[in-house]
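All remarks here apply to the structure that follows.
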Amino acid sequence: SRLNRFACWRPGDTPESIGARDPNVPGEENPGAWDAAARLRDLDALGIAHQIVYPTLFAEHLPVVESPRAAVALARAYNDWAGKLAAEGGGRLCPVAVLPLQSIPGTLAEIERAARAGFRGAMLRTSYVQGRFLNHSEYAPVWAALAETGLVACVYPSAGSTNPEFTRLLNQLWERG
C-alpha cells in the first residue's frame, strides 16, 4: 500500500472516506504527525483535549536493531524528539517513550531520563529482543524501574511485522493448514 500512514486520519475523515482511498496513490502528508501546532489544530477540530503520543512505526522496528549501542542512540533520539513535540503541545500531548531492550543499562537510563522529562509511559512490544521475551528474568530491573518511576508500561500486544520469531511461527501454522 502506498497510503501514507502519517496521513491516514484527519479531521473530517470517516472510515468510509479512508476506505475509499486508492492505496496506489500516495496520500498527502499530515503536518500534525511532526508539528505540535498542526497537531493541536487537528485535535481541536476533532474535539479532543489531550492525546497520548505513541511511537508506532519506531516501536515496530527498534526491537530488530542488532547493536545495543545503536538501539540506545535511536531510543534517545526518538525520546528527545517526542519530548520536544510534547513540550510544544502546551500540556495536551503526552509522550510515551521507547526503550532499547537490547541494553539493560541503556533501558534503565532511558527510563530515568523519560521520567525526569515528564513522560508518563514507556512502550514495550510483545516481541523477542535478542532471544528474550518481556517476561525474561533479565528484564526484572526494567519492570522495577518502571514501577519506581511511575511510568506506565504500555505493552503493545501485536506480534508486528518485524518480529522474526512470530513470523516463523505464523508461517509454520500456515503450512500446517
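Please read all numbers here as calculations on a predicted model, not as lab measurements.
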What I'd like to find out is whether the side chain of [X] reaches to under 4.5 Å of the side chain of [Y], using heavy atoms alone.
X: D42; Y: I48; answer: no
X: P95; Y: R120; answer: no
X: R116; Y: T149; answer: no
X: L62; Y: R125; answer: no
X: V129; Y: Y139; answer: yes
X: C94; Y: V53; answer: no

If I compare all heavy atoms of [X] with all of [Y], which pair ends up nearest, and what's the gap?
X: A114; Y: L151; answer: CB-CD1, 4.2 Å
X: L134; Y: W143; answer: O-NE1, 3.1 Å
X: G32; Y: R39; answer: O-NE, 2.6 Å
X: L108; Y: A145; answer: CD2-CB, 3.7 Å
X: A122; Y: L146; answer: CB-CD2, 4.0 Å

Applying the 4.5 Å side-chain criterion to the ILVMFWY set and letting contacts propagate, would [X] and [Y] be lumped into a single cluster?
X: L101; Y: V72; result: no
X: V152; Y: L93; result: no
X: L124; Y: F119; result: yes

Checklist entry - Have R92 and Q51 got a donor and an acceptor in their side chains that come within less than 3.5 Å? => result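 Side-chain D/A pair, R92 to Q51: absent.
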
Counting N and O atoms only, with roles assigned by atom type, does the side chain of [X] sit under 3.5 Å from a partner on the main chain of [Y], one being a donor and the other an acceptor?
X: N79; Y: E110; result: no
X: T107; Y: P100; result: yes
X: Q102; Y: V65; result: yes
X: W81; Y: R76; result: no

